[in-house]
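Please read the structure below before turning to the comments.
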Amino acid sequence: GSGNTECAPCELGKLAARMGMTDCEAATQGHYVDSYGAESEAACEAGTYASSEGSRACKEANAGYYVPGKGSKRQTSCDAGEFSKGTANVECSECPAGTSSSAGSPSCTSCPAGESSEDGSSSCAECHDGSAKPAGEGDCVVCTKGTYAKAGSSECSSADPGHFVDSDGASRQETCPAGKHA
């Protein structure tokens, strides 16, 4: 037989951690080897991951996902009501009031007119009687004296001639009684 005449360096994604190895080992999940002849592997940084063995590089977490720590073998989806834009995120952010998101979202969606949400919401809800909100971020706003709104309104309506609203948060206008006008 023919004996070995030299030792070959390990290829990318593999390493020989000990002397006298007969074959190179693949980098473990969550780690990578980006040079030839490596003796050790490196852990993927936070925001990146390596899902398979023998990785030459780590993958950046996608928008809508995050990787919180080093040496991860998978990215994690942001929860509903959270988002992460761009790539290589280490955490997700809460959607602001007046917006919502589903799980794995790269951004939050503004609530439609007449609806709002709390911080970190997965859905929008109709504004209550006596309050209103245009489309976009923000909270439902209570109608002031002289104005009123039914549930789900995009704006408070002014009292019509011959009618009045004498309190904040009204859902309807009152008709002026006989002998009075507005």
Side-chain angles (χ1 to χ4, degrees), residues 1-128 131 133-141 152 154:
S2 61
N4 294 324
T5 58
E6 64 181 3
C7 296
C10 293
E11 58 194 67
L12 296 176
K14 296 188 173 190
L15 64 136
R18 298 175 310 283
M19 290 176 57
M21 291 184 68
T22 57
D23 209 352
C24 299
E25 299 172 337
T28 57
Q29 289 179 317
H31 297 78
Y32 69 99
V33 173
D34 63 356
S35 60
Y36 291 97
E39 298 174 17
S40 62
E41 61 186 9
C44 293
E45 293 294 325
T48 67
Y49 68 101
S51 56
S52 57
E53 293 182 353
S55 293
R56 299 172 179 192
C58 301
K59 297 177 188 166
E60 291 186 342
N62 296 330
Y65 292 78
Y66 70 104
V67 178
K70 291 178 85 162
S72 186
K73 55 186 170 189
R74 73 179 63 87
Q75 60 181 344
T76 304
S77 172
C78 293
D79 291 335
E82 296 181 337
F83 73 101
S84 67
K85 56 184 173 187
T87 58
N89 291 292
V90 297
E91 63 184 3
C92 299
S93 300
E94 202 173 57
C95 288
T99 67
S100 66
S101 73
S102 54
S105 293
S107 62
C108 302
T109 304
S110 293
C111 293
E115 295 185 14
S116 190
S117 65
E118 302 284 323
D119 288 339
S121 291
S122 59
S123 62
C124 299
E126 197 173 64
C127 294
H128 298 292
S131 66
K133 184 188 93 43
E137 291 184 26
D139 295 317
C140 297
V141 177
S154 62

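Just so it is clear, the model here is predicted, and its values are computed rather than measured. Start at 1 with the first residue, then count along the sequence.
Atom-to-atom distance recorded for Ser51:OG and Arg74:CZ is 9.5 Å, nearest 0.5 angstrom. Atoms CG and SG, on Asp23 and Cys10 in that order, are 8.0 Å from each other to the nearest 0.5 Å. To the nearest 0.5 angstrom, Ser52 atom OG is 12.0 Å from Lys73 atom NZ.
Using a distance-only test at 3.5 Å, with no hydrogens or angles considered, no donor-acceptor pair links the side chain of Ser121 to the main chain of Cys95. Judged by distance alone, the side chain of Ser101 and the main-chain N or O of Ser107 form no donor-acceptor pair under 3.5 Å. Between the side chain of Ser110 and the main chain of Gly136, no donor-acceptor pair closer than 3.5 Å is present. Between the side chain of Thr99 and the backbone N or O of Pro96 there is at least one donor-acceptor pair closer than 3.5 Å. The main-chain N or O of Ala97 is found under 3.5 Å from a side-chain atom of Asp119 such that the two form a donor-acceptor pair. The backbone N or O of Tyr66 lies less than 3.5 Å from no partner atom in the side chain of Gln75, so there is not a single donor-acceptor pair. Judged by distance alone, the side chain of Glu115 and the main-chain N or O of Pro112 form no donor-acceptor pair under 3.5 Å.
Between Cys124 and Ser117, the shortest heavy-atom distance links the atoms CA-CB, 4.3 Å. A pairwise comparison of heavy atoms in Ser123 and Ser100 identifies N-CB, 3.6 Å as the closest pair. A pairwise comparison of heavy atoms in Tyr32 and Cys58 identifies CD2-SG, 3.3 Å as the closest pair. Shortest non-hydrogen contact noted between Lys133 and Ala135 is NZ-C, 3.8 Å. Taking every heavy atom of both residues into account, Arg56 and Asp34 meet most closely at O-CB, 3.4 Å. The shortest non-hydrogen separation linking Val33 to Lys14 is CG1-O, 3.3 Å.
Side-chain contact between Tyr65 and Thr76: absent, with no pair of heavy atoms (C-beta onward) separated by less than 4.5 Å.
Under the side chain to side chain contact (heavy atoms under 4.5 Å, CB included) rule, Glu60 has a single partner from Thr48, Asn89, Val67, which is Thr48.
Residues passing the salt bridge (Lys or Arg N to Asp or Glu O under 4.0 Å) test with Glu53: none are found, sequence neighbours excluded. Qualifying salt bridge (Lys or Arg N to Asp or Glu O under 4.0 Å) partners for Glu25, counting only residues two or more places apart in sequence or in other chains: Arg18.
Under the 3.5 Å distance criterion, with hydrogens and angles disregarded, a donor-acceptor pair is assigned to the side chains of His31 and Thr28.
In Glu118, the CD atom is not crowded: 12 or fewer heavy atoms of neighbouring residues, nucleotides or ligands sit closer than 6.0 Å.
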